[in-house]
Amino acid sequence: MDEMIEFLHKGPLAPLKKWGTKFSIWPTHLVTACCGVELAHAFASGYDGERLGVLNFGMARQTNCIVVEGAITRKMARALKITYEQMPDPKFVIVMGACGIKGGIFWNGYNMVKPFEVVPVKYFAPGCPPTPESLLRCFRSLQKEIDTGEAKNSIVYPEVKKVEEGKKRAKRVPPSPKYVANNPSVIVDMPREEKWAEGKEVVAKLSEILGELCEKIKITGKNRVAIRIKKDNFVEAAKKMLEAGFDHVKSVNVVDVPHENKFIVEYVTSSYLNPEYRSILVTLISEIERSDPVFPSLIEVWPSADYLERELHELFGVWFEGNPWMGRKFLLAPDTPETPLRKDFKLQEEVYAGGE
Ligand code: SF4
């Protein structure tokens, strides 16, 4: 077997094999983000990537090239690795976009993974988004490499002179941006009052339904109402809303306000069954102490809140009392750090240029 492989690689048929591989690049595209549009562009009629002998393919086991299109997250990294391992040799990886090189606009996100740390990358198409030309250039370079056995950079970079010790840099490198403002001047409160003619009637009805449980109620836009409720009254208020026809939760949100030592918890509710409320979104808002982030779970009232509460528990560390999934990691990848969406989460910092 080894002799046969040797013969294929070095024997008289080797040029034929190279020629065949060169014009049979079948990339499986890992569309993780917007770079995928540029790949589509490269293979649409304008650029017609197929004329180069490159044909996009959907099956990992019959492909010999992966094009990673943009950002790779911790969860996606697993899929990338599995896909790569299923591919037959010879196999190549091309990475598109700033996201795939250094994380791009998500560069310090808790969930970002650099593809070259997961699989061996042959070529990068830089840019955000990279142009179709730059992707096709990667394929041309790869074909050249298959042909000649050596990878050549087509760009000549200017020579970088080493700065002598003790001497100042000619150019000042901007300091890295500050991501966490200790005391932002933004006042985090209920959204401002908006006009909505028929809304007054809805507000009157909701005030009547909730009675003393309602601390504050506001119209926040057309078909939008926000109600502030104390944490201790929240479950009772939710039950009253359910009786009135608000039969499901559309979303649950947590807002971290570290400078006021609080989390704002929001449940956005609406109705499928009551036509009167079908077009209306009512947000129930409450606050909890950041140092003791416990909030009553509403899954008994609205089962659709379940996954959302689990997600927020993992992202912010809010403990939804009564939800049996608290304390477990369920949605985030196992090696994701704890509570990554809290504002005091230490963001990844990379020193990529020296200061003065
Ligand atoms: S590099 Fe730009 S275009 Fe590509 S995935 Fe990232 S954000 Fe989207």
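Numbering of residues begins at 1 and proceeds along the displayed sequence. Both ligands and their constituent atoms are indexed starting at 1 by order of listing.
Closest protein heavy atom to atom 5 (S) of ligand 1: Ala33 CB, 3.3 Å. With respect to atom 4 (Fe) of ligand 1, the closest heavy atom belonging to the protein is Cys35 SG, 2.3 Å. At the top of the distance list for atom 6 (Fe) of ligand 1, counting protein heavy atoms only, stands Cys99 SG, 2.3 Å.
Rounded to the nearest 0.5 Å, atoms OG (Ser270) and CZ (Phe246) are 6.5 Å apart.
Near Gly70, meaning under 4.0 Å from any of its heavy atoms, are these atoms of ligand 1: 5 (S). Close approach of ligand 1 to Gly97 is summarised as follows: ligand atoms under 4.0 Å from at least one heavy atom of the residue are 1 (S). Set against the non-hydrogen atoms of Pro129, the atoms of ligand 1 under 4.0 Å away are 3 (S).
A salt bridge is absent between Glu300 and Lys239; no separation between the charged side-chain nitrogens and carboxylate oxygens falls under 4.0 Å. We find that Lys343 and Asp256 are not joined by a salt bridge, their nearest charged nitrogen and carboxylate oxygen being 4.0 Å or further apart.
For the pairing with Glu287, the side-chain hydrogen bond (donor to acceptor under 3.5 Å, both in side chains) check across Lys230, Lys262, Lys231 returns one residue only, Lys262. Only one option out of Phe320, Tyr267, Trp302 pairs with Phe234 in a ring pair (Phe, Tyr, Trp, His ring centres under 6.0 Å); it is Tyr267.
Cys128 lies apart from atom 6 (Fe) of ligand 1 in this respect, since none of its N, O or S atoms is found at a distance under 2.8 Å. Using a cut-off of 2.8 Å, one finds that Cys34 contributes an N/O/S atom close to atom 8 (Fe) of ligand 1.
Using a 4.5 Å heavy-atom cutoff, the side chains of His313 and Lys329 are not in contact.
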Practice task
Decide yes or no on side chain to side chain donor-acceptor pair (under 3.5 Å) for Asp247 and Asn274, but give the supporting numbers first.
Solution key: CA-CA 9 Å; Asp247 47 30; Asn274 188 342; over 6 Å; no
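Heavy atoms of Ala98 come nearer than 4.0 angstrom to ligand 1 in at least one pair. Distances from ligand 1 to the non-hydrogen atoms of Gly127 include at least one value under 4.0 Å.
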